[in-house]
2 protein chains.
Amino acid sequence: MSTGVWPFLEPRSVAVVGVSPSARNLGRNIVLNLIEFGYQGEIVPVGPKGGEVAGRTILPSVSAAAEPPDVAVILVPAARILPALEDCGRAGVRGVVVSSGGFSEYEGSRGATEAEMLAVARRHGFRLMGPNCIGVMNLANGLCMPFPLLARRDFLHGPHSLVAQSGGVMLYLADLLSEERLGIHVLVSEGNTLDVDEADLVAALAEDPGTRVIFLYLEGIRRGRALAEAAARSPKPVVALKANVGPGSAQIARSHTAALANDERVVDAAFRQAGILRLQSLEQFTVAAKAFALPPLRGDGIAVACMSGGISVVAADACARHGLSLPPLPADLLRGVEARGRGGVIRLGNPMDLGDIHDTGAVLEALEAALSQPQIHGVAFCLPSPASAGVIQGGLPAEEIVRRLRSLCDAFGKPVALSFFAGRRAVEPVQGKVDFPIFSSITESIEALALQRGFWRGRERARAFASPGRGAATELAACRERLRGCGGSVSAVEASAVLKDAGLPMEEIHLAASPEEAGAIAERLGYPVALKLVSPQVSHKTDVGGVALDLATREDVHAGFRRILDSARANAPAAEVQGVAVQRMRRGGQEVIVGARRDPVFGPVVLFGLGGIWVEALGDVAVRLAPIGREDALEMMDEIRGAALLRGLRGMAPADREAIAALLLSVSRLVVAAPEIRELDLNPVMVWQEGVAVLDARMILEPAPSLI
Amino acid sequence: MSTGVWPFLEPRSVAVVGVSPSARNLGRNIVLNLIEFGYQGEIVPVGPKGGEVAGRTILPSVSAAAEPPDVAVILVPAARILPALEDCGRAGVRGVVVSSGGFSEYEGSRGATEAEMLAVARRHGFRLMGPNCIGVMNLANGLCMPFPLLARRDFLHGPHSLVAQSGGVMLYLADLLSEERLGIHVLVSEGNTLDVDEADLVAALAEDPGTRVIFLYLEGIRRGRALAEAAARSPKPVVALKANVGPGSAQIARSHTAALANDERVVDAAFRQAGILRLQSLEQFTVAAKAFALPPLRGDGIAVACMSGGISVVAADACARHGLSLPPLPADLLRGVEARGRGGVIRLGNPMDLGDIHDTGAVLEALEAALSQPQIHGVAFCLPSPASAGVIQGGLPAEEIVRRLRSLCDAFGKPVALSFFAGRRAVEPVQGKVDFPIFSSITESIEALALQRGFWRGRERARAFASPGRGAATELAACRERLRGCGGSVSAVEASAVLKDAGLPMEEIHLAASPEEAGAIAERLGYPVALKLVSPQVSHKTDVGGVALDLATREDVHAGFRRILDSARANAPAAEVQGVAVQRMRRGGQEVIVGARRDPVFGPVVLFGLGGIWVEALGDVAVRLAPIGREDALEMMDEIRGAALLRGLRGMAPADREAIAALLLSVSRLVVAAPEIRELDLNPVMVWQEGVAVLDARMILEPAPSLI
C-alpha cells in the first residue's frame with residue numbers, strides 16, 4: 001500500500017482540473033502556487049472555458065494531455081465531481097486529489113456520492129486523496145497543491161513532515177514551524193480520507209529520506225490498527241495531536257472532515273503501544289520539533305542550570321510535574337563552581353543557581369561537569385537575556401555560547417535544552433544566527449525534555465502487538481466450535497464452558513433443573529454455594545429475587561432453589577426459566593474486572609479494572625490493544641488509580657499479579673483468535689495472594705452474517 | 001499596616017547605601033537607574049570612600065543627609081549590615097530595603113543576624129524590606145531600586161503591579177508584560193520577607209489608583225491568613241503563581257529566598273476562599289493580564305467563531321478541557337449567516353466555521369448576533385492571518401477590524417477574546433497599532449476566558465472567612481474549660497465528652513472498669529455493642545487484641561471484656577489500662593472522615609473525605625480555612641473524587657449531606673474558638689439517609705506554654 005501514495009508526494013506531472021483565467025478562480029491559484037514554489041514537473045491546467053494561465057493553455061480535459069499526468073488536483077463543484085474523476089481515470093492518472101468540499105462532511109446523505117467516487121477510482125485503479133482537502137506541499141520538489149495563494153518565502157525547508165485532517169491546521173503549523181526556523185518538508189492535507197489516509201502516509205513518510213519527524217493532526221481515525229502498525233514500524237518519531245475529544249467537538253468535526261469520534265482510551269492505548277507521542281495542543285508541535293532536534297534523553301535524571309533562584313524553583317516544580325528527577329551533583333563539583341563566584345552568596349545544588357558566576361568559561365565548565373555525570377541524562381539551561389551583556393557572557397556573544405552548547409550536546413550525546421530568561425524580542429536575533437533549538441522559557445524546555453523522554457521510553461519498551469502466543473490457533477479451535485453453537489447472547493453457563501476451554505480459571509458453574517439436582521451439585525462442589533436464576537430475559541437477577549447466597553446445607557439449597565423459582569414467577573412471569581446455576585461461594589480475595597471489546601476502528605482490546613465502585617464511580621480502567629504480552633498486563637495493573645490496593649495496602653495481602661497477568665493474556669489470545677466475540681466481561685474476578693478465579697462471565701457475539 | 005509600606009512605593013527621597021564611583025559598583029547602578037527612570041525625588045548616595053556619582057556627592061552616612069530620606073536601599077556585604085541599619089535608624093528613615101544577600105537563604109544559622117536586623121528596625125520604628133531582594137520599581141514616579149543597569153525604553157507603563165519573591169522573576173515578568181504591550185506599574189521584589197511581605201503589599205496595592213490587577217509570584221507564604229484576608233478585601237483581581245510545590249523544589253527555594261514549603265492543599269483552599277486566581281506557570285501571567293483587559297465573562301457559555309474547521313475542532317476540545325460550554329445558536333441566525341457564504345459548502349453551528357464567508361461585514365454581524373444571545377457570555381474569535389489579505393478582511397485593515405471588535409466588547413459588556421490563525425510575525429504589526437489584547441492562539445484565548453471565568457465565579461460566591469456562627473464564644477466556653485483539664489493527648493472518652501459539649505452528634509462512649517460495669521452500660525445502650533481498650537500507650541488497639549465487635553448479649557460483653565484485658569496483658573504488658581470503652585454498634589451507613597488541623601501559616605482548617613481507602617489510597621480530601629459556611633461545606637462534599645458515592649450510586653440511598661454540613665460547621669466553630677486544639681480526627685463518621693454519628697474521635701492539643 002505504502003508505495004501507492006508516492007505519486008501524490010513526488011509526481012512527475014500534475015493536472016489541475018477546474019482552472020479558468022479569471023483572477024477569482026481558485027484552480028488558477030494552484031497553477032500559480034506550483035510555479036511560485038518552483039515545481040519542475042509538467043503542469044497541465046484543465047477547464048471547460050479554455051484560455052491560458054501563466055502562459056499555459058487550459059485543456060478541455062485531462063485526457064487531452066499529451067502524456068497522462070501522474071496526479072490530478074480537482075477543484076470543481078461537488079455535483080460535477082464524478083465526470084471529472086471519470087476523465088482522470090480515462091487519462092490514466094495514478095492519483096487524484098479532490099480538493100472540492102460539500103460531501104459527507106456537509107450532509108451525511110452525500111456519502112452516496114463518496115461511495116461512487118471510490119468506485120470510479122477502484123475501477124480505473126487510481127488512488128484518491130480527499131475530498132475536502134488542500135492536497136500536498138513538498139518543499140523539496142516545489143509541489144504545492146493548496147488553492148489559497150501562497151508565497152514561497154514564508155516557508156522554510158526543514159526535516160519535519162506533517163499529515164493533517166485539516167488544511168487550515170496544515171498551513172498554520174507550516175507557518176509556526178517556519179517562523180521558529182524549524183522548517184517543513186512534506187505537508188499533506190487529507191480531508192475526508194475516503195481512500196488515502198494517515199496509515200498510508202505514515203508508511204510512506206517513514207521511508208522518505210527528507211523526513212526526520214512525522215507529525216499528525218487527526219480528528220477521527222478510521223483504520224486505527226493499520227495506523228498503529230505503520231507507526232510502530234516507522235524508524236522515525238511519529239508525533240500526533242488527536243483532536244475531537246470533547247463532547248462538543250464531535251459535531252463540528254463531523255461537519256468539518258466527516259470525522260467520527262473515537263474511544264479516546266483506546267486511542268491512548270494504541271498510541272502508547274505503537275510508540276506515537278501524543279500532544280495536547282497545536283502549539284506543542286514546535287516544542288516537539290525542537291525536542292527532537294536534540295539527542296535523546298535516555299533517563300529521568302536531569303540537571304538544571306540558570307542564573308536566577310526564582311527560575312530554579314520554577315524549574316524544579318516543572319520537573320516534578322513532568323516526572324523528571326534532579327539527582328544530586330557531587331559536592332566537590334558544586335564547591336568547585338561556587339569557588340568561582342563573585343559574592344559568595346549563593347549555595348549550589350541541583351538546580352544550580354549560577355547567578356553569582358560572572359564568567360562564561362566557568363559556567364560552561366559547570367555544565368560540562370554536570371553532563372559528564374552518569375546520573376545526569378540531560379540539562380535544562382537558562383541563560384540571562386542576550387541583551388544584558390556582560391552579566392555572564394563575559395565578552396562572548398550569545399550565539400558563540402550557543403555554538404559551544406551544541407558541541408557539548410554532540411560530545412556527550414545528551415540533550416541541552418536551552419532557553420533565555422527574557423522575552424522573545426531579545427532572543428529572536430540570536431535564534432536567527434544559530435542552528436540549535438532555543439525554547440521560549442525554562443518551563444517549555446523542561447516540557448520538551450519530558451516529551452522526548454516519554455517518546456524514547458515508549459520506544460525502549462515498545463512491545464506493541466505482541467504475538468498472540470502459543471497454541472492460539474489450535475487450542476482455541478474447540479472454543480470457536482462451541483461458539484458456533486451459541487446465539488448472539490451467550491448464557492453464563494455456556495460462556496463458562498467456552499472460557500474454560502480457552503484455559504481461563506473459571507469457577508465451575510452448573511445448571512440445575514430441580515432442587516434435587518442443585519443439591520447434588522452442591523454436595524459435589526462443597527459448601528457454601530450460591531444459586532442464580534438463568535433466563536435470557538432476566539439480566540438483573542437480584543431485582544427479581546433470582547439470587548440466593550451463602551447456602552450451607554443441602555436443605556438450604558433445596559429451599560433456595562424453590563424460593564428463586566417462586567420469586568421469578570411472581571416478579572417476571574413472562575421470563576423463560578432455563579434453570580438455576582449453582583456455584584461455590586468464594587471469599588477473602590479482592591474483586592477485579594477483566595474484559596475485552598472489539599473496537600470498530602482499532603480491533604480487539606482488553607480491559608482491566610478493580611471491582612465495584614472503582615470502575616463505576618471513577619471509570620478507573622486500563623486498556624490495551626490485543627494481543628498483549630506479560631509486561632503489558634503488569635503495566636495495566638500499575639496504571640489504574642487504585643493500583644496500591646493490589647500491592648497490599650495497610651497490611652492487606654498483596655494480590656497475585658502474575659495470575660491476573662496470565663488471565664489477561666488468555667483473554668487477549670481468545671479475542672484475537674475468535675473475532676466473533678464482540679464483548680467479554682469477567683466480573684467479578686476474585687484474586688487472592690495466590691491464584692485467581694473468574695466467578696461470573698458475560699459474553700456477546702457479533703451478529704451472524706445474514707444469509708440473504 | 002498597609003499605610004506603613006507607602007514610603008517604599010512613593011518615597012520623596014531615596015538614600016542608596018554602599019555606593020562608590022567605581023564602574024563595577026552595584027550601588028552606583030541603583031543611582032544611575034533612578035536617574036535613567038526619571039525619579040524626581042532627592043537621591044542620596046552613601047559610601048565610605050566618598051567621591052561622586054552622576055554629579056552627586058557620596059556622603060559618609062545616611063545621617064549626614066540634610067533631610068532624613070524617606071527610604072534607604074542598602075547594598076553592603078552581610079557582615080556590615082547591622083551598622084548600616086543603625087545609621088538609617090539614627091537618620092530617621094521610614095523604610096529600608098536590604099538588597100544584600102547571604103542571610104538565612106545561604107545558611108540557616110544566619111537567621112540570627114536577621115533577628116538582630118528586625119530588632120534594629122523595631123527599635124527605630126522603620127519598616128524593613130528584604131534582605132536578598134532588588135526592591136521596588138514604580139513606573140509612575142521613576143523609582144527604580146534594582147542593581148542591574150536597566151534601560152527605561154525596555155519597560156512599558158501600564159496597569160499591572162507585581163509582588164515577587166524573586167528579583168529575577170520580577171524583571172522577567174516586567175519584560176514579558178512590556179513586550180506584549182500590556183505594561184507594568186509597581187514592581188516589588190520582596191526577598192526573604194523578614195518584615196514587609198506580600199500581605200502588606202497586596203493591602204497597599206489594593207488602594208493604589210494606578211494598579212488594575214495585582215500579580216504575585218510566591219515561593220513560601222509566612223502570614224497566610226493575613227494574605228488571604230488582604231486579597232479578599234481587594235477590589236482588584238489578585239492573581240498568583242505559588243511556586244515551590246514539588247519535593248525537589250523545597251531545597252532550592254530555601255536557599256533562594258529562605259522560603260519554606262507550604263501545604264499546597266491549604267494554599268489552594270485559601271486562594272479559593274480569598275478569590276485569588278492561581279496560575280500554573282510564569283507564562284500564564286501575560287495570558288491573565290490580557291484576560292483582565294476584557295469585560296468579565298459572567299457565565300460558562302461562549303461562542304467560537306473562526307475561519308477553519310480544524311481550529312473549530314481544536315477550540316471545542318479546549319472548551320471541554322476548561323469547563324466552558326458551547327450553547328447552540330438559533331437556527332435562523334445560523335442560516336442567515338450561511339446565506340452570505342460563497343461556496344455553500346460549510347454548515348454552521350457553535351463553533352461557527354466562517355471559512356466560507358468572504359465579507360468582513362457579514363462576519364462582524366454574525367459576531368454581533370452571537371453576542372446578543374443571552375446564553376452567550378463571551379466569544380473566542382480567530383481571524384485568519386492579517387497577511388492573507390482579501391480572504392475576509394474585505395478591504396478593511398486588520399487593525400480596523402480589531403477596533404470594531406473592541407466596540408462590540410464595550411457595547412455588550414462581554415469579552416471577545418481575539419487571536420489570529422497565524423504565527424506571531426504576522427500578528428505583531430497589528431498588535432503595535434491597537435489597544436486591545438490579541439492572544440497567541442485560539443487555545444490561549446479560550447484558556448484566558450476560562451481563567452477569567454474562574455476568577456469571577458470565585459468572586460461571585462466569595463464566602464471566605466464566614467463568621468464562626470452563633471454562640472461560638474459562649475456555648476464553647478464549657479468545651480474549653482473541659483480541655484484545660486486534659487493533657488496533650490486526649491483519650492477517646494474525654495474527646496467524646498468535649499465534642500458532645502460542642503454540639504457534635506457523638507455516639508455515646510462510656511468507660512467501664514469491670515466486666516459487670518461494661519455489661520450494665522451495654523444494657524442501657526442496647527445491643528449489639530463494641531468494646532475497645534483504653535490505654536495511652538496503645539494507639540492501634542486491634543494489633544494487641546484490644547477490640548471486640550458485635551457483642552449481642554450481656555454474657556458476650558463479660559467475655560469480651562476479659563478477652564481484651566487478657567490480650568492486652570499478653571501483648572502489651574507495659575501498657576497502663578485505663579479501662580474499656582463501650583459503645584453501640586452502628587450499621588448500614590457510609591463512612592466519612594471529618595477533621596481539623598491548625599496550619600502553621602494559615603491557621604485553623606477543616607477537612608472532609610470518604611472513609612477507608614479513599615483517603616488512604618487516593619488522598620481524596622477537601623480542605624477549607626475555618627470558619628466556613630454551609631455553602632463551603634456542601635462544596636467540600638462535591639469536590640472529592642468519590643462525590644458520586646454520597647449522592648447515592650447504583651441505587652444506594654443518598655447520604656444526609658445537610659447533616660454532614662452541620663457537623664463540618666460545628667467542627668469549624670470549635671477549632672476557631674479553641675485554638676488549643678492542634679488536630680482533630682472524627683473517623684469514622686457514619687452517615688445515613690437521615691442523620692450522622694461520630695463513632696470515634698482523636699484529638700491532640702497544643703503543648704501547654706512552658707512555665708519556665
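Quick note on labels: first sequence line is chain A, next is B, and so on, each numbered from 1.
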Problem - R24(B), part contacting chain A, at a heavy-atom distance under 4.5 Å - result: both

Problem - Toward chain B, the part of D154(A) with a non-hydrogen atom under 4.5 Å - result: both

Handout entry: Ionic contact status for E428(B) with R425(A), cut-off 4.0 Å
Key = no

Handout entry: chain B contact via T443(A) - side chain, backbone, both or neither, heavy atoms under 4.5 Å
Key = side chain

Exercise for the section: Measure distances from R321(A) to the heavy atoms of chain B and classify the residue's part below 4.5 Å as side chain, backbone, both or neither. Expected result: side chain

Exercise for the section: Heavy-atom pairs under 4.5 Å with chain A are the metric here; pick the option from L173(B), D175(B), V169(B), D317(B) that has the most. Expected result: D317(B)

Completion exercise
Answer key: most heavy-atom pairs under 4.5 Å with chain A among R424(B), E283(B), M170(B) is R424(B)

Handout entry: Results of ring-ring contact (aromatic ring centres under 6.0 Å, His included) for F147(B) - residues two or more places apart only
Key = none

Exercise for the section: Check whether S440(A) gets within reach of chain B through its side chain, its backbone, both or neither, counting any heavy atom under 4.5 Å. Expected result: backbone

Exercise for the section: Locate the shortest heavy-atom distance separating E179(A) from G423(B); write the atom from each residue and the value. Expected result: OE2-CA, 3.3 Å

Problem - Heavy-atom contact with chain B under 4.5 Å, split by part of E444(A) - result: neither

Practice task
Name the region of A320(A), side chain, backbone, both or neither, that has any atom closer than 4.5 Å to a heavy atom of chain B.
Solution key: side chain

Exercise for the section: Check Y172(B) against S441(A) and note the closest heavy-atom contact, atom names and distance. Expected result: OH-CB, 3.7 Å

Completion exercise
Between G310(B) and S166(A) the two heavy atoms that sit nearest each other are CA-OG, 3.4 Å

Practice task
Give, for atom CD1 of I442(B) and atom CG of L282(A), the distance between the pair rounded to the nearest 0.5 Å.
Solution key: 10.5 Å

Exercise for the section: Side-chain contact test, heavy atoms from C-beta onward, threshold under 4.5 Å: evaluate it for Y217(A) versus V314(B) and give yes or no. Expected result: yes

Fill in the blank from the handout: Hits for ring-ring contact (aromatic ring centres under 6.0 Å, His included) against F439(A), two or more places apart or cross-chain, chain-then-number order -> none

Handout entry: Contact winner vs chain A - A422(B), G349(B), S281(B), heavy-atom pairs under 4.5 Å
Key = A422(B)

